[in-house]
Amino acid sequence: AQSVTQLDSQVPVFEEAPVELRCNYSSSVSVYLFWYVQYPNQGLQLLLKYLSGSTLVKGINGFEAEFNKSQTSFHLRKPSVHISDTAEYFCAVSERSSYKLIFGSGTRLLVRP
Amino acid sequence: DAGVIQSPRHEVTEMGQEVTLRCKPISGHDYLFWYRQTMMRGLELLIYFNNNVPIDDSGMPEDRFSAKMPNASFSTLKIQPSEPRDSAVYFCASSFSDPSYNEQFFGPGTRLTVL
């Protein structure tokens with residue numbers, strides 16, 4: 001069965017500093033990987049996704065993620081964060097034969113001035 | 001497009017009452033999902049529909065929960081009778097074509113409090 005682990009429940013960082021949010025997954029088959037962001041009192045919206053091809057994926061708002069098959073990881077990065085990036089970030093996985101998205105527990109990014 | 005629309009945004013009810021949550025997906029989307037978000041269990045898929053037909057309801061917690069999609073533009077999630085442990089934020093999401101790799105668009109959610 002698939003599972004997604006986000007080890008960090010909260011990541012505090014100062015404005016303009018770089019950040020990495022970690023995501024590891026387990027699956028016995030090929031998967032698609034996603035990062036979603038949830039701003040306070042809103043639904044989730046897609047940041048980026050990995051389907052195939054280049055392991056470095058660029059998304060909206062300056063975020064990027066790198067797929068590492070050997071380490072079964074899909075870490076999210078941003079070189080310089082803004083106050084407006086404060087939100088909850090969810091990593092998710094779906095198997096190529098399934099329509100189910102399995103979400104991690106989320107990481108709350110707290111950007112301080 | 002207005003995006004996925006959910007109503008009500010907030011619902012407070014007493015234990016034992018019936019609760020109905022409503023969702024209007026994005027026009028043209030053929031997949032609809034209902035999720036529940038709690039602090040303890042995170043984001044869980046309850047049920048999803050394809051072309052108005054329920055495909056997988058294995059995430060529905062118990063018989064008190066039911067979902068319908070009478071047409072392509074409307075779905076309901078009903079809890080009867082409601083219990084305090086049902087308190088959560090319920091999200092509806094829709095997707096076009098193959099949702100295994102296509103983006104799911106989420107509504108703003110309904111925050112349910114059962115007293």
Side-chain angles (χ1 to χ4, degrees), chain A residues 1-10 21 23 25 27 29-53 57-61 63 65 67 74 87-108, chain B residues 1-10 21 23-26 29-51 53-60 88-111:
Chain A
Q2 308 165 72
S3 67
V4 180
T5 301
Q6 293 181 246
L7 287 172
D8 305 306
S9 59
Q10 183 166 299
L21 305 184
C23 172
Y25 69 93
S27 177
V29 299
S30 296
V31 297
Y32 300 125
L33 294 158
F34 306 79
W35 276 100
Y36 280 80
V37 60
Q38 183 180 27
Y39 298 103
N41 299 315
Q42 295 185 27
L44 283 69
Q45 64 182 87
L46 183 68
L47 269 181
L48 49 79
K49 62 182 178 183
Y50 171 79
L51 304 181
S52 66
V57 180
K58 294 190 182 298
I60 62 171
N61 301 340
F63 283 93
F67 171 59
F74 190 54
E88 186 111 21
Y89 292 79
F90 292 90
C91 182
V93 62
S94 71
E95 292 182 350
R96 295 194 177 185
S97 58
S98 168
Y99 296 156
K100 287 185 178 182
L101 263 185
I102 306 299
F103 285 90
S105 55
T107 297
R108 183 172 299 278
Chain B
D1 199 314
V4 175
I5 299 173
Q6 291 187 248
S7 64
R9 292 294 309 275
H10 301 274
L21 312 181
C23 174
K24 177 179 169 56
I26 293 173
H29 283 190
D30 52 354
Y31 285 85
L32 184 139
F33 304 81
W34 281 101
Y35 291 89
R36 178 172 68 174
Q37 185 178 37
T38 61
M39 289 292 292
M40 292 298 295
R41 300 175 66 88
L43 203 60
E44 307 171 275
L45 176 65
L46 300 177
I47 184 172
Y48 77 90
F49 296 81
N50 176 219
N51 291 323
V53 176
I55 303 300
D56 186 341
D57 65 355
S58 60
M60 297 284 263
V89 181
Y90 291 82
F91 289 102
C92 176
S94 69
S95 176
F96 174 69
S97 186
D98 189 340
S100 66
Y101 58 81
N102 282 326
E103 178 179 359
Q104 290 187 25
F105 292 82
F106 284 74
T110 295
R111 183 174 296 276

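Quick note on labels: first sequence line is chain A, next is B, and so on, each numbered from 1. All values derive from a computational prediction rather than experimental measurement.
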Engineer: Any side-chain heavy atom of B:Ser58 within less than 4.5 Å of one from A:Lys100?
Structural biologist: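 Yes; the side chains approach each other to less than 4.5 Å.
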Engineer: Between B:Arg9 and chain A, which part of the residue has a heavy atom less than 4.5 Å away: side chain, backbone, both or neither?
Structural biologist: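 It is the side chain, since no backbone atom gets that close.
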Engineer: I want to check something: taking the side chain as every heavy atom from C-beta on, are B:Phe33 and A:Leu101 in contact at a cut-off of under 4.5 Å?
Structural biologist: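 The answer is no, as the side chains (C-beta and beyond) never meet within the 4.5 Å cut-off.
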Engineer: Measure distances from B:Leu43 to the heavy atoms of chain A and classify the residue's part below 4.5 Å as side chain, backbone, both or neither.
Structural biologist: both
Engineer: How close do A:Gln38 and B:Phe91 get, counting heavy atoms only, and between which atoms?
Structural biologist: NE2-CZ, 3.2 Å
Engineer: Tell me, for B:Gln37 versus chain A, whether the close heavy atoms (under 4.5 Å) come from the side chain, the backbone, both or neither.
Structural biologist: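 Interface part for B:Gln37: side chain.
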Engineer: Minimum heavy-atom separation for B:Phe106 to A:Leu44, with atom names?
Structural biologist: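 Scanning both residues completely, I find the closest heavy atoms to be CB-O, 3.3 Å.
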Engineer: Please find the pair of heavy atoms, one from B:Glu103 and one from A:Lys49, that lie closest to each other, and give the distance.
Structural biologist: N-NZ, 4.3 Å
Engineer: Could you tell me which portion of B:Asn50 (side chain, backbone, both or neither) has an atom closer than 4.5 angstrom to a non-hydrogen atom of chain A?
Structural biologist: neither
Engineer: Can you say whether A:Tyr50 sits under 4.5 Å from chain B via the side chain, the backbone, both, or neither, judging by heavy atoms?
Structural biologist: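 Contact with chain B involves no heavy atom of A:Tyr50 at all.
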